Amino acid sequence: MQPWDGIEEFIATAETESFSRAATRLGVSTSHISREVARLEDRLSVRLLYRTTRRVSLTDAGRLFLERCRRLVEEREEMFAAVSEQDGAARGHLRLTCSIAYGERFIVPLVNRFLADHPQMSISIDLTNRVVDLVGEGFDLAVRIGASLGDSRLIAVRLAQRERYLCAAPAYLAAHGVPAGLDDLARHACLLGTAEFWQFQAGGRLVEFKPRGSWRCNSGFAVLDAARQGLGLCQLPDFYVEPDLASGALVSLLEPHRPPAEGIWAVYPHRRHLSPKVARLVDYLKTHVGQG
């Protein structure tokens with residue numbers, strides 16, 4: 001048995017709280033993960049994990065050992081990267097996550113153009129609207145919109161910003177009137193998406209309005225289509241509605257109350273040595289996000 005045997009398996013299991021999820025992360029079988037962690041415990045003569053049929057959790061010794069293991073693995077990877085990436089070339093595999101609609105529309109096409117110039121790289125892209133645990137799930141980079149970090153293990157770099165618009169079709173406004181202020185919104189049909197509240201500015205502060213209506217869908221493009229058909233008001237980010245605002249298919253409403261712009265961020269785990277593959281892609285996104 002080699003000194004490093006079981007370390008990666010233990011870290012993956014501790015961070016995912018599951019032998020099967022650890023196996024998926026590392027691309028091995030569940031039995032391999034379970035066997036290697038058990039062997040590691042035997043070598044240490046201490047139990048690192050509590051096991052139940054539903055999940056695994058750390059013992060006190062396991063928590064201490066996990067902290068030390070993370071530091072060792074990080075220092076090992078930084079050492080390898082410092083030697084193998086002396087030329088600064090972007091190479092190796094990168095795991096990226098982003099929200100579905102924004103990722104499909106903007107981030108994936110940019111990443112594809114980036115990869116064309118960096119043939120030594122490969123990539124896995126996970127488009128999801130959930131907030132991914134970058135460290136726990138082994139991701140190198142995320143593109144996130146608006147949300148604060150709340151995690152000292154992460155670093156955020158601002159890429160651009162986006163606006164949100166309250167909109168409706170001219171036909172809807174002709175039939176139901178144009179809202180003159182925030183108080184008028186309660187009498188209008190609202191097209192409901194994933195946001196529980198719509199945000200606005202009033203009196204120099206951020207205010208929230210809980211929209212109500214008989215139409216709901218968790219797709220921004222579906223909300224956009226319903227607004228075009230004159231079914232009600234919607235609040236959507238700029239990349240959905242700007243073409244329709246320019247053509248007159250939609251009308252922007254309550255402009256003085258438009259909410260503050262949301263930041264678009266590149267987020268990655270904190271490392272003393274940032275690998276060229278991440279640094280180069282972040283620099284590329286900083287240059288190109290918001291230009292398309």
Side-chain angles (χ1 to χ4, degrees), residues 97-103 105-107 128-134 142-169 172-173 176-224 226-228 231-246 250-268 285-286 289-292:
T97 181
C98 183
S99 61
I100 297 171
Y102 191 78
R105 179 76 179 273
F106 295 107
I107 300 304
T128 176
N129 290 331
R130 69 182 179 88
V131 179
V132 172
D133 178 358
L134 299 187
V143 176
R144 292 181 176 169
I145 300 174
S148 60
L149 283 183
D151 191 333
S152 61
R153 301 173 300 171
L154 304 177
I155 292 175
V157 176
R158 190 181 182 94
L159 302 175
Q161 64 183 32
R162 73 173 187 182
E163 301 284 349
R164 287 165 291 170
Y165 290 88
L166 180 72
C167 305
Y172 174 87
L173 298 174
H176 301 280
V178 178
L182 297 179
D183 291 341
D184 291 343
L185 295 180
R187 64 180 180 82
H188 281 273
C190 296
L191 302 172
L192 309 178
T194 57
E196 184 179 359
F197 294 95
W198 290 354
Q199 293 186 331
F200 300 94
Q201 289 190 94
R205 62 187 180 88
L206 188 69
V207 298
E208 291 186 330
F209 167 75
K210 187 174 179 62
R212 299 186 183 279
S214 58
W215 190 101
R216 178 185 293 273
C217 184
N218 63 351
S219 163
F221 289 108
V223 173
L224 174 62
R228 288 170 176 160
L231 299 183
L233 309 181
C234 69
Q235 188 181 64
L236 286 171
D238 47 20
F239 73 90
Y240 286 105
V241 300
E242 281 180 339
D244 291 286
L245 294 176
L250 292 177
V251 177
S252 180
L253 305 169
L254 301 181
E255 278 289 318
H257 297 292
R258 192 194 304 173
E262 294 181 300
I264 302 171
W265 306 88
V267 181
Y268 53 87
L285 294 175
K286 283 174 64 177
V289 168
Q291 294 184 0

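Throughout, numbering of the chain's residues begins at 1 and tracks the sequence. Everything numeric in this text was worked out from a predicted model, so none of it was measured. Just so it is clear, the values below take in all heavy atoms, side chains as well, and ignore hydrogens, waters and symmetry mates.
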**Study point:** Closest approach of L134 to V267 (non-hydrogen atoms, all atoms of both residues)
**Key:** CD1-O, 3.5 Å
Revision key, fill the gap. Here the gap from D133 atom CG to L154 atom CG, rounded to the nearest 0.5 Å, amounts to 8.0 Å
Practice item. For a ring pair (Phe, Tyr, Trp, His ring centres under 6.0 Å) with Y102, tell me which candidate from Y240, F239, F221 qualifies. Key: F239
Exercise for review: For residues D238 and R162, report the shortest heavy-atom separation together with the two atoms involved.
Suggested key: OD2-CA, 3.4 Å
Check your understanding: Which value, rounded to the nearest 0.5 Å, describes the distance between L191 atom CG and L224 atom CG?
Key -> 10.0 Å
Review point. How long is the span from the CD1 atom in I145 to the SG atom in C98, to the nearest 0.5 Å?
Key: 6.0 Å
Exercise for review: Report yes if some heavy atom in the side chain of L254 is under 4.5 Å from a heavy atom in the side chain of L185; otherwise report no.
Suggested key: yes
Exercise for review: Side-chain contact test, heavy atoms from C-beta onward, threshold under 4.5 Å: evaluate it for N129 versus N218 and give yes or no.
Suggested key: no
Exercise for review: Looking only at non-hydrogen atoms, find the nearest pair between C167 and L245 and report the distance.
Suggested key: SG-CD2, 3.9 Å
Check your understanding: Can you tell me how far the CD atom of E255 sits from the CG atom of L166, to the nearest 0.5 Å?
Key -> 9.0 Å
Revision key, fill the gap. Heavy-atom nearest pair, R258 first then R164, reads CG-O, 3.0 Å
Review point. To the nearest 0.5 Å, how far apart are CZ in F200 and CD in E208?
Key: 10.5 Å
Check your understanding: Less than 4.5 Å apart, any side-chain heavy atom of V207 and any of R205?
Key -> yes
Point to revise | Nearest heavy atoms of L253 and A168, plus distance in Å | key: CD1-CB, 3.9 Å
Review point. Which distance, rounded to the nearest 0.5 Å, do you find between the CG of D184 and the CG of L233?
Key: 10.5 Å
Point to revise | Main-chain N/O of Q199 paired with Q235 side-chain donor or acceptor, under 3.5 Å | key: yes
Revision key, fill the gap. Here the pair of heavy atoms bringing L173 nearest to P179 is CD2-CD, 4.2 Å
